[in-house]
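Shown next, in structure tokens, is the structure this report addresses.
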Amino acid sequence: MNSKAGGKATKEETLLKHQQHLQRQRDVIAYRMKKLAAKQVEITKKTNEMKEKIRKKYEDMKRILDEDLRITLTQMDTEHDATEKLVEDRIEDCYLLTQELDEEISDISARLKTEETDVQNAETDRRISETLKLSDPDLIQMDEFKNEQLLSLTINLLLFIRSQVPVTKKLFQSYAADVVLDPETAHPKLIISSKGDSATYIDTWQDVPDTVSRFDTTLNVISQDGFSEGRHYWEVEVSEKTYWELGLTYPSIPRKSCEEDSWLGRGKESWCVEYFNGDYTAWHGGVPHELPLLAGRKFTRIGVYCSFPGGLVCFLGADTMTPLHSFCTGTFTDTLHQALCPGHDNEGTNWKSLRICDASRSAPVL
């Protein structure tokens, strides 16, 4: 009896200790939740404060430009007013002279009636000649050279501003990643350039080794190197293409499967934006996100940005840094590789290569 009672007490003590341990752990988790909620508030506050600072800077720039515009137009108005006053003065001189000439004409008519023919023309002719000389319209000129200089300076200012906007371009350029495509992963109908910077579809199945890493059911290729930290940005030239897919993938994406999850974005292993005949669709986990506001828009380059700390994947029209779609993943669970699909020939409209660009430099302005 004593042994059983002792055993029962020990079991109760053990359960009680376990209960107390779980309670302490629960308190720890509850405290962690409280800290996370506080962190969320802090992040929101800091983001809003930074947005407000940036907004005020843009307002300052607008005020400076508005003031510069006012000064420039005021200067032009001042010169215009002075020139206009000169023209009005010359018109007034001509008007006064015409009145005097009208009087002289009347006087001559009166003399003709009384047969007084003595006329002196020298002074009148001098005044007419002087007035016509001073009122020659070709002598009244605006300072067109100065106005052309003002226009030229304004154009230069506009070009400078355009080179700086959007500022996110320079930020993303600082995260530019070197991307080299891995020919060992490329579908047999893709030709990968010797530098690993382009993928081209051909309508012929090439004689290449059938390795475990090679895609053989989807026209995919991924980068040689992956990354598991930091922020990365890359750009791909897509001009003259009617079909393509770009994105990021874990190395675990199916390579040999006939199932749809071997396509970019169709499984949980990858994220992509697809372009097909003018329509854009973002994909992840097999869920399509149609982007109707972009329908019909074409970009020379598409940019892909990934932030490991933020669990973020962003797709942009890199020409103007136009946002296409963003995935807020939260936490990445594996190494990420850049991935692309140049697409099939699409009835003869899609033979152009997909080419990886130097994302640290802007595309040339054509």
Check against side-chain contact (heavy atoms from CB on, under 4.5 Å), Leu16 and Glu12: CA-CA 6 Å; Leu16 182 60; Glu12 288 178 351; over 6 Å; no
So, Arg255 side chain and Ser213 main chain: donor-acceptor pair closer than 3.5 Å or not? yes
Looking only at atom types and distance, does a side-chain atom of Ser307 sit under 3.5 Å from a main-chain N or O of Gly311, one as donor and one as acceptor? no
Can you measure from CG (Leu246) to CH2 (Trp271) and round to the nearest 0.5 angstrom? 15.5 Å
Those residues at least two apart in sequence (or on a different chain) that pass salt bridge (Lys or Arg N to Asp or Glu O under 4.0 Å) with Glu49 are none
Whether the side chain of Asn350 engages the backbone of Pro342 through a donor-acceptor N/O pair (distance < 3.5 Å, no angle test) should be reported. yes
According to a 4.5 Å side-chain heavy-atom criterion applied to Ile, Leu, Val, Met, Phe, Trp and Tyr, with indirect links allowed, do Val236 and Trp283 form part of one hydrophobic cluster? no
Going hydrophobic residue to hydrophobic residue with side-chain gaps under 4.5 angstrom, can you get from Tyr201 over to Ile302? yes
Spacing of His232 atom NE2 and Asp178 atom CG [to the nearest 0.5 Å]: 11.0 Å
Counting only N and O atoms by type, is there a donor-acceptor contact under 3.5 Å from the side chain of Lys256 to the main-chain atoms of Asp216? no
Which heavy atom of Gly196 sits nearest a heavy atom of Ile356, and at what distance? O-CD1, 4.1 Å
Exercise: do Asn48 and Glu52 side chains pair donor with acceptor under 3.5 Å: no
What is the minimum heavy-atom distance between Gly247 and Phe315, and which atoms define it? CA-CE2, 3.8 Å
Answer with yes or no whether the side chains of Ser353 and Ser198 bring together a donor and an acceptor at under 3.5 Å. no
What I want to check is whether the side chains of Asp225 and Ser223 have a donor and an acceptor closer together than 3.5 Å. no
Within a reach of under 6.0 Å around CZ of Arg126, are more than 12 heavy atoms found that belong to other residues, nucleotides or ligands? yes
Between Ser152 and Glu148, is there a donor-acceptor pair closer than 3.5 Å when you use the side chain of the first and the backbone of the second? no
Pro183 meets the side chain to side chain contact (heavy atoms under 4.5 Å, CB included) criterion, sequence neighbours left out, with Ile192, Gln224
Between the side chains of Tyr275 and Asn277, does any donor sit under 3.5 Å from an acceptor? no
Spatial distance of atom CD (Glu237) from atom CZ (Phe299) [nearest 0.5 Å]: 14.5 Å
Would Leu65 and Leu157 satisfy side-chain contact (heavy atoms from CB on, under 4.5 Å), going step by step from the backbone distance to the final call? CA-CA 10 Å; Leu65 288 173; Leu157 178 60; 3.9 Å; yes
Any donor-acceptor N/O pair, Gln206 side chain to Pro188 backbone, under 3.5 Å: yes
Could you check whether any side-chain N or O of Tyr280 sits under 3.5 Å from a backbone N or O of His289, counting only pairs where one atom can act as donor and the other as acceptor? no
Rounded to the nearest 0.5 Å, how far does CG of Leu336 lie from CD of Glu229? 12.0 Å
Heavy-atom nearest pair, Ser262 first then Pro254, reads CB-O, 3.4 Å
Thr217 versus His187, closest heavy-atom pair with distance: N-CD2, 3.8 Å
Exam field: side chain Asn346 to backbone Thr349, donor-acceptor pair closer than 3.5 Å: no
Examine distances only and state if a side-chain atom of Tyr250 and a backbone atom of Thr333 form a donor-acceptor pair shorter than 3.5 Å. yes
Value for CG (Asp345) from OG1 (Thr242), rounded to nearest 0.5 Å, stands at 8.5 Å
Aromatic ring proximity Phe172/Trp234, centre distance under 6.0 Å: no
Can you list everything that forms a side chain to side chain donor-acceptor pair (under 3.5 Å) with Glu103? Sequence neighbours excluded, please. none
Who are the side chain to side chain donor-acceptor pair (under 3.5 Å) partners of Ser228, not counting sequence neighbours? none
Can you list the steps and then say if Lys17 with Thr14 is a side-chain contact (heavy atoms from CB on, under 4.5 Å)? CA-CA 5 Å; Lys17 287 181 179 179; Thr14 301; 5.8 Å; no
Compare all side-chain heavy atoms of Arg63 with those of Tyr58 and state whether any distance is below 4.5 angstrom. no
May I have the step-by-step check of side-chain contact (heavy atoms from CB on, under 4.5 Å) for Lys352 and Ser239, ending in yes or no? CA-CA 8 Å; Lys352 190 80 179 286; Ser239 58; 4.0 Å; yes
Report yes or no: do Glu235 and Tyr233 form a side-chain donor-acceptor pair below 3.5 Å? yes
Between Leu219 and Gly343, what is the shortest heavy-atom contact and its length? CD1-C, 3.7 Å
List, by chain and number, the other hydrophobic cluster members for Ile222, where Ile, Leu, Val, Met, Phe, Trp and Tyr join if side-chain heavy atoms come within less than 4.5 Å, directly or indirectly. Phe215, Ile253, Leu264
Please check if the distance between the ring centroids of Tyr243 and His344 is under 6.0 Å. yes
Does a side-chain N-to-carboxylate-O contact under 4.0 Å join Arg70 and Asp66? no
Rounded to the nearest 0.5 Å, how far apart are CD of Glu245 and SG of Cys272? 4.5 Å
What heavy-atom pair brings Ala176 and Ser360 nearest, and what distance separates the two atoms? CB-N, 3.6 Å
Does this structure show an ion pair linking Lys85 with Asp81, if we count only N-O contacts that are shorter than 4.0 Å? no
Quick one: side chains of residues 317-327, donor-acceptor pairs under 3.5 Å with protein atoms, not counting sequence neighbours, listed by atom name and distance.
residue, atom, partner, partner atom, Å
Asp319, OD1, Thr300, N, 3.2
Asp319, OD1, Arg301, N, 2.9
Asp319, OD2, Thr300, N, 2.7
Asp319, OD2, Thr300, OG1, 3.1
Thr320, OG1, Thr322, OG1, 2.5

Leu294 and Val238: same hydrophobic cluster, using ILVMFWY side-chain contacts below 4.5 Å? yes
Is it the case that the side chains of Thr249 and Ser270 hold a donor-acceptor pair, with the cut-off being a distance below 3.5 Å and no angle test? no
Please determine whether residues Leu340 and Ile191 belong to a single hydrophobic cluster, defined as Ile, Leu, Val, Met, Phe, Trp and Tyr linked transitively by side-chain heavy-atom distances below 4.5 Å. no
Using 30° and 60° as the class boundaries, would you call the ring planes of Phe308 and Phe332 parallel, tilted or perpendicular? tilted
Is the shortest distance from a Lys or Arg side-chain nitrogen in Lys46 or Glu42 to a carboxylate oxygen in the other one below 4.0 Å? yes
If you count the non-hydrogen atoms of other residues, nucleotides and ligands that lie under 6.0 Å from NZ in Lys57, is the total more than 12? no
Same hydrophobic cluster for Trp263 and Leu291, using side-chain heavy-atom links shorter than 4.5 Å among ILVMFWY? no
Salt-bridge present (Glu67, Lys62; N to O < 4.0 Å): no
